[in-house]
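Below, read A as the first sequence line, B as the second, and so on, with proteins coming before strands; counting in each chain starts at 1. This structure is a prediction, so every number in the text was calculated from the model and none was measured.
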2 protein chains.
Amino acid sequence: MQTKEKILAAALKLYNNKGINTITTRHIATSIAISPGNLHYHFKQTDDIIKTLYDRLATEFDDLMQALEALPLVDLAVLRSFSRSSIEVAYKYRFIFLHFVEVATRIPTIRTHYKSLRARRETEFKAMFKKLIQNGTFRNDLPGEVWDELVTQIFIVGDFWQSNNELSGRLTGDKLMMQYEQTISAMFFPYLK
Amino acid sequence: MQTKEKILAAALKLYNNKGINTITTRHIATSIAISPGNLHYHFKQTDDIIKTLYDRLATEFDDLMQALEALPLVDLAVLRSFSRSSIEVAYKYRFIFLHFVEVATRIPTIRTHYKSLRARRETEFKAMFKKLIQNGTFRNDLPGEVWDELVTQIFIVGDFWQSNNELSGRLTGDKLMMQYEQTISAMFFPYLK
DNA sequence: ATAAAATTAGTACATTTGTTCTAAAATTAG
DNA sequence: CTAATTTTAGAACAAATGTACTAATTTTAT
């Protein structure tokens with residue numbers, strides 16, 4: 001593995017386990033037995049490492065979204081499998097979600113990027129819900145605002161289920177992902193026809 | 001105002017506006033024109049300031065909870081007014097929620113305290129839902145797990161609506177609180193009979 | 001009024017951290 | 001094979017930061 005990839009892998013692991021504030025570039029360098037100078041040759045600024053990792057997260061999400069859009073029809077099973085894949089990606093880059101506000105504050109381009117990604121996904125979700133109402137999967141007796149609020153709720157839960165676990169659950173790995181798969185899919189339950 | 005109170009007020013303001021990582025004890029001291037030595041006379045450790053602010057948040061929440069429990073009956077209006085008051089308290093101490101994972105990591109007693117508070121509130125919520133099902137406010141056709149998941153959702157949204165706003169909305173003050181009052185009350189909508 | 005206690009300012013120290021610089025080593029290209 | 005380029009190590013620097021220390025000042029108690 002190239003040094004640059006080694007750095008990213010080590011950084012991801014350390015950030016995920018110890019957070020972005022306790023981990024310094026020296027920690028990362030030491031963990032893969034390279035010098036601080038070498039690390040800064042590959043990443044001039046520390047934040048460039050975080051930025052790169054965020055970009056990868058964004059790309060992996062985008063791939064999921066595009067796969068979803070390519071499907072001819074969206075039903076509950078599809079929604080569930082999409083949610084499962086999203087959870088896996090989010091877990092892989094969990095430090096970002098666990099420190100999302102700080103990451104977005106430290107690296108303004110991340111906030112900008114997230115905002116536009118979010119806006120895009122919001123319209124996508126709303127369109128999808130409309131379809132699911134029309135084809136009789138979802139209820140048709142609820143006022144429109146309720147669906148808008150559901151979208152907001154989904155984003156909050158989707159972005160912060162890991163923070164919630166960190167505070168009260170402390171599950172890890174598959175157990176954690178399975179629990180929140182359930183939590184997220186339960187969000188749709190009372191909306192079913 | 002006593003110096004100790006001045007420090008806490010200044011810290012709250014600065015933390016809320018700039019986060020806990022950019023603000024140092026020197027910033028706090030300078031903002032109220034006292035020396036660093038004086039600040040550390042009142043708070044030996046920086047984290048003691050955060051700890052004290054968290055304790056106040058916890059107390060204010062406890063007061064709300066006790067007021068709620070003292071009421072003879074709980075209906076939707078009561079639930080809504082409780083949610084409104086919670087939102088105000090959470091906004092007042094918003095830096096804690098915006099950096100919840102880091103705060104809980106840095107100050108272990110906060111994590112411990114939050115966990116037990118959370119467990120207590122979970123049973124309270126579940127009992128309340130049971131009552132609302134029995135008196136016909138909530139639906140009685142849903143499986144029990146759905147209510148458990150609703151409780152989880154409520155905590156996630158309740159703890160992280162501010163982080164969500166920080167990432168995508170950036171509303172402030174009343175506008176912000178009013179929006180999330182709606183988001184939170186909309187969570188109950190599809191559960192109504 | 002005076003002694004004791006509490007508060008405050010200011011300095012200083014040790015550590016950490018991001019980053020830069022230089023020279024050596026390794027790799028690549030011609 | 002040799003020159004150019006890339007990569008690496010290691011030292012060094014400057015700024016920041018939490019905290020301790022000391023002496024002065026203010027407040028409180030008697």
Side-chain angles (χ1 to χ4, degrees), chain A residues 1-55 95-96 98-99 101-111, chain B residues 1-55 95-96 98-99 101-111:
Chain A
M1 194 162 34
Q2 325 262 30
T3 304
K4 200 161 184 172
E5 284 305 314
K6 272 195 209 167
I7 294 171
L8 288 169
L12 181 59
K13 193 174 182 179
L14 289 170
Y15 285 152
N16 276 344
N17 291 335
K18 305 268 182 184
I20 53 173
N21 294 299
T22 49
I23 297 300
T24 70
T25 49
R26 280 182 175 77
H27 290 129
I28 298 169
T30 309
S31 87
I32 51 172
I34 65 168
S35 65
N38 192 2
L39 187 143
H40 272 87
Y41 168 77
H42 290 284
F43 295 96
K44 212 162 169 52
Q45 313 233 16
T46 308
D47 285 353
D48 293 343
I49 299 174
I50 295 174
K51 176 88 172 50
T52 305
L53 290 171
Y54 174 84
D55 287 342
F95 83 93
I96 293 176
L98 294 173
H99 307 269
V101 170
E102 211 208 318
V103 167
T105 305
R106 257 170 66 169
I107 304 159
T109 57
I110 289 185
R111 171 177 269 125
Chain B
M1 195 162 35
Q2 324 262 32
T3 302
K4 199 161 183 171
E5 283 305 313
K6 271 195 209 167
I7 294 171
L8 289 168
L12 181 60
K13 195 175 180 178
L14 289 170
Y15 285 152
N16 276 344
N17 291 334
K18 304 268 179 182
I20 53 172
N21 294 299
T22 50
I23 297 302
T24 69
T25 49
R26 280 182 175 79
H27 290 131
I28 298 168
T30 309
S31 86
I32 51 172
I34 65 169
S35 64
N38 192 2
L39 187 144
H40 272 86
Y41 168 77
H42 289 284
F43 295 95
K44 212 161 169 52
Q45 314 233 14
T46 309
D47 285 353
D48 293 343
I49 299 174
I50 295 174
K51 177 89 173 52
T52 305
L53 290 172
Y54 174 85
D55 287 343
F95 82 92
I96 293 175
L98 294 173
H99 307 270
V101 171
E102 212 207 318
V103 167
T105 305
R106 257 170 66 169
I107 304 160
T109 57
I110 290 185
R111 171 176 268 126

Using purine N1 to pyrimidine N3 plus N6-O4 or O6-N4 for Watson-Crick, or N1-O2 and O6-N3 for G-U wobble, both under 3.5 Å, which nucleotide pairs with C:dT2?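 Looking at the geometry, C:dT2 pairs with D:dA29.
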Base-pairing mate for D:dA3 - Watson-Crick or G-U, with both contacts under 3.5 Å: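 Matched D:dA3 with C:dT28 under the 3.5 Å cut-off.
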If the condition is salt bridge (Lys or Arg N to Asp or Glu O under 4.0 Å), which residues does B:Lys51 pass it with, not counting sequence neighbours?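 In terms of salt bridge (Lys or Arg N to Asp or Glu O under 4.0 Å), with neighbours along the sequence ignored, B:Lys51 is linked to B:Asp55.
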Flag the pair A:Thr105 / B:Thr22 as yes when at least one side-chain heavy-atom distance between them is below 4.5 Å, and no otherwise.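 Not in contact.
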Does A:Leu53 reach the side chain of A:Tyr15, with side-chain heavy atoms less than 4.5 Å apart?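 They are in side-chain contact.
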Looking at residues 24-44 of chain B, who's got a heavy atom less than 4.0 Å off DNA chain D?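 Heavy-atom cutoff 4.0 Å gives B:Thr24, B:Thr25, B:Arg26, B:His40, B:Lys44.
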Would you please confirm or rule out a distance under 4.0 Å between OP1 or OP2 of D:dT17 and any side-chain N or O of B:Thr46?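 For B:Thr46, the contact criterion (side-chain N or O under 4.0 Å from OP1 or OP2 of D:dT17) is not met.
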Hey, is the side chain of B:Gln45 poking within less than 4.0 Å of OP1 or OP2 on D:dT19, counting only N and O atoms?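 For D:dT19, OP1/OP2 do have a side-chain N/O of B:Gln45 under 4.0 Å.
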Taking A:Asp48 for its side chain and A:Gln45 for its backbone only, find out whether a donor-acceptor pair lies under 3.5 Å.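 Answer holds: yes.
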With side-chain contact (heavy atoms from CB on, under 4.5 Å) as the criterion, how do B:Tyr41 and B:Thr3 come out once you've worked through the C-alpha distance, each side chain's angles and the decisive distance to 0.1 Å? CA-CA 10 Å; B:Tyr41 168 77; B:Thr3 302; over 6 Å; no
Geometric cation-pi criterion, A:Lys13 with A:Phe95: 6.0 Å, 45°: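 Checked: cation-pi criterion not met.
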Evaluate side-chain contact (heavy atoms from CB on, under 4.5 Å) for B:Glu102 paired with A:Leu98, printing each intermediate quantity in order. CA-CA 8 Å; B:Glu102 212 207 318; A:Leu98 294 173; over 6 Å; no
Please list, in 5' to 3' order, the outermost nucleotides of DNA chain C lying under 4.0 Å from any heavy atom of chain A.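 Contacts span C:dT17 to C:dT20, reading 5' to 3'.
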Report the distance from atom CG of B:Leu14 to atom P of D:dT17, rounded to the nearest whole Å.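 That distance rounds to 13 Å.
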Applying side-chain contact (heavy atoms from CB on, under 4.5 Å), run through B:Ile7 and B:Ile34 and close with a yes or a no. CA-CA 9 Å; B:Ile7 294 171; B:Ile34 65 169; 4.0 Å; yes
